2 protein chains.
Amino acid sequence: MPQVDEHLIDDDIDTSAWDGVPIRLRAAGLRWTPQRRTLVDVLREHQGHVTATELISRCRERDQTTTPSTVYRTLDVLEEFGLVAHGHGHDGREEYHVLPGETHGHLYCEACGRQWEIRPETGAAIVDALAADLGFEVDLSHVTISGHCQGCHD
Amino acid sequence: MPQVDEHLIDDDIDTSAWDGVPIRLRAAGLRWTPQRRTLVDVLREHQGHVTATELISRCRERDQTTTPSTVYRTLDVLEEFGLVAHGHGHDGREEYHVLPGETHGHLYCEACGRQWEIRPETGAAIVDALAADLGFEVDLSHVTISGHCQGCHD
DNA sequence: CGGTCGAACGCAACACGTTGCAATAGCAAT
DNA sequence: ATTGCTATTGCAACGTGTTGCGTTCGACCG
């Protein structure tokens, strides 16, 4: 097993973005509570996409008393700080992007259920098309576009 | 008010597509029930988009005993026959296109809440971009893309 | 016209997400 | 350490949509 030093290994996620959260909250007149700490601890371990439901159950693993409404409200706050971004999966349920870097759209194959990310260049083409049409400024990351992937159409 | 004969006026909707529904259902081994008749009668009066909730309440105006699960299940059947198509609004709730003609995507402005349809040519550009990228065959009508309209972005 | 089969119904329970409100508890100031 | 303000919590209730199950009734057949 060579070269293990050359790349980050799976569970070696950069969590530094979360370190300043308590301070940022207080600076905005908000509060750092045990419930928020639990959620942030859970988010530290995640990259990419998570459903709200999964976050709630992971929080409950750490704290039996976790309440859904608190989690949803905390996620709203974290979204205002740009630490998560929510979107809707193909079935309309909420999904969260943790530490959204470059925003990207999502594709969902109705046949096989797999998901893909839209490449930045392709996403840009979509954004440009809608900007040219109606002057619309699209937030691609908010939705999942449905269809059939190459392997599944016909 | 000249030329009123030259176009269909607003409440003169072509409902002929619904006339064959009982026969089509029976031909497929399915049944024509009073509950389905109520929903189809409601759908006859609609064009464009309706939320599932609105359909349920309109059915209840005609039949107090209408049950949500029956309406949802009937909508699924009608969708298989191509008479309605469901999508998700910006907040993930279900919307139905009645008698979907040319499929079109939707835009939702997060600031002012208004909605637009994506013009066919623009929609085609989006479909083409994703086909070129991953060979993905997109069903644009299923989702509502969020963003900010011309009047609302700065 | 009555019998049979199973599609469709209504209900009850669940899942996900939101909201209003009274009680709690951060946190800044004293 | 105590106090006061108010952000946050937890609960309960609601809205929307789905699912399982026992019962009903549509439709075809004799």
Side-chain angles (χ1 to χ4, degrees), chain A residues 20-40 49-60 62-81 84-96 113 142-144, chain B residues 20-40 49-60 62-81 84-96 113 142-144:
Chain A
V21 173
I23 291 163
R24 291 180 66 189
L25 285 174
R26 284 192 274 255
L30 306 180
R31 290 170 190 173
W32 181 240
T33 65
Q35 294 84 347
R36 290 182 175 176
R37 185 165 139 49
T38 302
L39 178 56
V40 167
H49 318 95
V50 216
T51 62
T53 304
E54 183 173 351
L55 289 173
I56 290 168
S57 68
R58 288 227 195 284
C59 284
R60 232 194 284 264
R62 295 168 181 254
D63 175 2
Q64 294 260 357
T65 71
T66 298
T67 303
S69 57
T70 297
V71 174
Y72 284 111
R73 284 190 280 228
T74 300
L75 285 166
D76 288 346
V77 171
L78 296 178
E79 186 156 24
E80 277 165 29
F81 281 78
V84 301
H86 89 280
H88 297 282
H90 70 99
D91 57 356
R93 286 193 212 149
E94 302 227 325
E95 290 190 349
Y96 283 87
H142 187 261
V143 290
T144 297
Chain B
V21 172
I23 293 163
R24 291 180 67 189
L25 285 173
R26 284 191 274 254
L30 306 179
R31 289 169 191 173
W32 181 241
T33 66
Q35 293 85 350
R36 289 182 176 178
R37 185 166 137 52
T38 302
L39 177 57
V40 167
H49 318 94
V50 216
T51 62
T53 304
E54 183 174 351
L55 289 174
I56 290 168
S57 68
R58 289 227 195 282
C59 283
R60 234 195 281 266
R62 295 167 181 255
D63 175 4
Q64 293 261 356
T65 70
T66 298
T67 303
S69 56
T70 298
V71 175
Y72 284 113
R73 284 191 278 229
T74 300
L75 285 166
D76 289 346
V77 171
L78 296 178
E79 186 156 24
E80 277 165 28
F81 281 78
V84 301
H86 88 279
H88 297 283
H90 70 100
D91 59 356
R93 283 189 216 155
E94 302 226 325
E95 291 189 349
Y96 283 86
H142 187 261
V143 291
T144 297

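Computed from a predicted model, the values in this text were never measured in an experiment. Here is the naming used below: chain letters follow the sequence lines, and residue numbers restart at 1 for every chain.
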Look at the side chain of B:Thr65 and decide which nucleotide, out of C:dG10, C:dA8, D:dG17, has an atom nearest to it.
->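 Taking heavy atoms from C-beta onward, the closest nucleotide is C:dG10.
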Hey, does the side chain of [X] come within less than 4.0 Å of [N]'s phosphate (OP1/OP2), counting only N and O?
X       : N      : value
A:Gln35 : C:dA25 : no
A:Tyr72 : C:dT18 : no
B:Arg93 : D:dG15 : no
B:Thr70 : C:dG10 : yes

Length of the [atom1]-[atom2] vector between [X] and [N], whole Å:
X       : N      : atom1 : atom2 : value
A:Arg60 : C:dC16 : CZ    : P     : 11 Å
B:His88 : D:dG17 : NE2   : C1'   : 10 Å
B:Asp91 : C:dT19 : CG    : P     : 10 Å
A:His90 : C:dC16 : NE2   : P     : 13 Å
A:Leu75 : D:dT8  : CG    : P     : 14 Å
A:Gln64 : D:dT9  : CD    : P     : 18 Å
A:Arg37 : C:dC27 : CZ    : C1'   : 18 Å
A:Arg24 : C:dG26 : CZ    : C1'   : 20 Å

For residues 50-58 of chain B, which residues have at least one heavy atom under 4.0 Å from DNA chain C?
->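 Under 4.0 Å from DNA chain C: no residue of residues 50-58 of chain B.
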Check: B:Thr74 main-chain N/O paired with B:Arg36 side-chain donor or acceptor under 3.5 Å |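 No, the answer is negative, given that no donor and acceptor are paired below the 3.5 Å cut-off.
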Enter the distance from A:Arg24:CZ to A:Leu30:CG here, rounded to the nearest 0.5 Å.
->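 Nearest 0.5 Å value for the CZ-CG distance: 11.0 Å.
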CZ/B:Arg58 to OG1/B:Thr66 distance, rounded to the nearest 0.5 angstrom?
->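 So the gap between those two atoms works out to 13.0 Å.
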Would you sort out whether A:Leu78 and A:Leu39 count as a side chain to side chain contact (heavy atoms under 4.5 Å, CB included), showing the intermediate values?
-> CA-CA 10 Å; A:Leu78 296 178; A:Leu39 178 56; 4.1 Å; yes
Nucleotide by nucleotide, nucleotides 19-30 of chain D touches protein heavy atoms under 4.0 Å in the pattern (B base, S sugar-phosphate only, - none) BB-----BSS--
Note, [X] side chain near [Y] side chain (heavy atom, < 4.5 Å):
X       : Y       : result
B:Ile56 : B:Arg60 : yes
A:His86 : A:Glu95 : no
B:Ile23 : B:Trp32 : no

Counting any heavy atom closer than 4.0 Å, what does A:Gly92 reach on the DNA or RNA strands: base, sugar-phosphate only, or nothing?
->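 The answer is nothing, as A:Gly92 stays clear of every strand by at least 4.0 Å.
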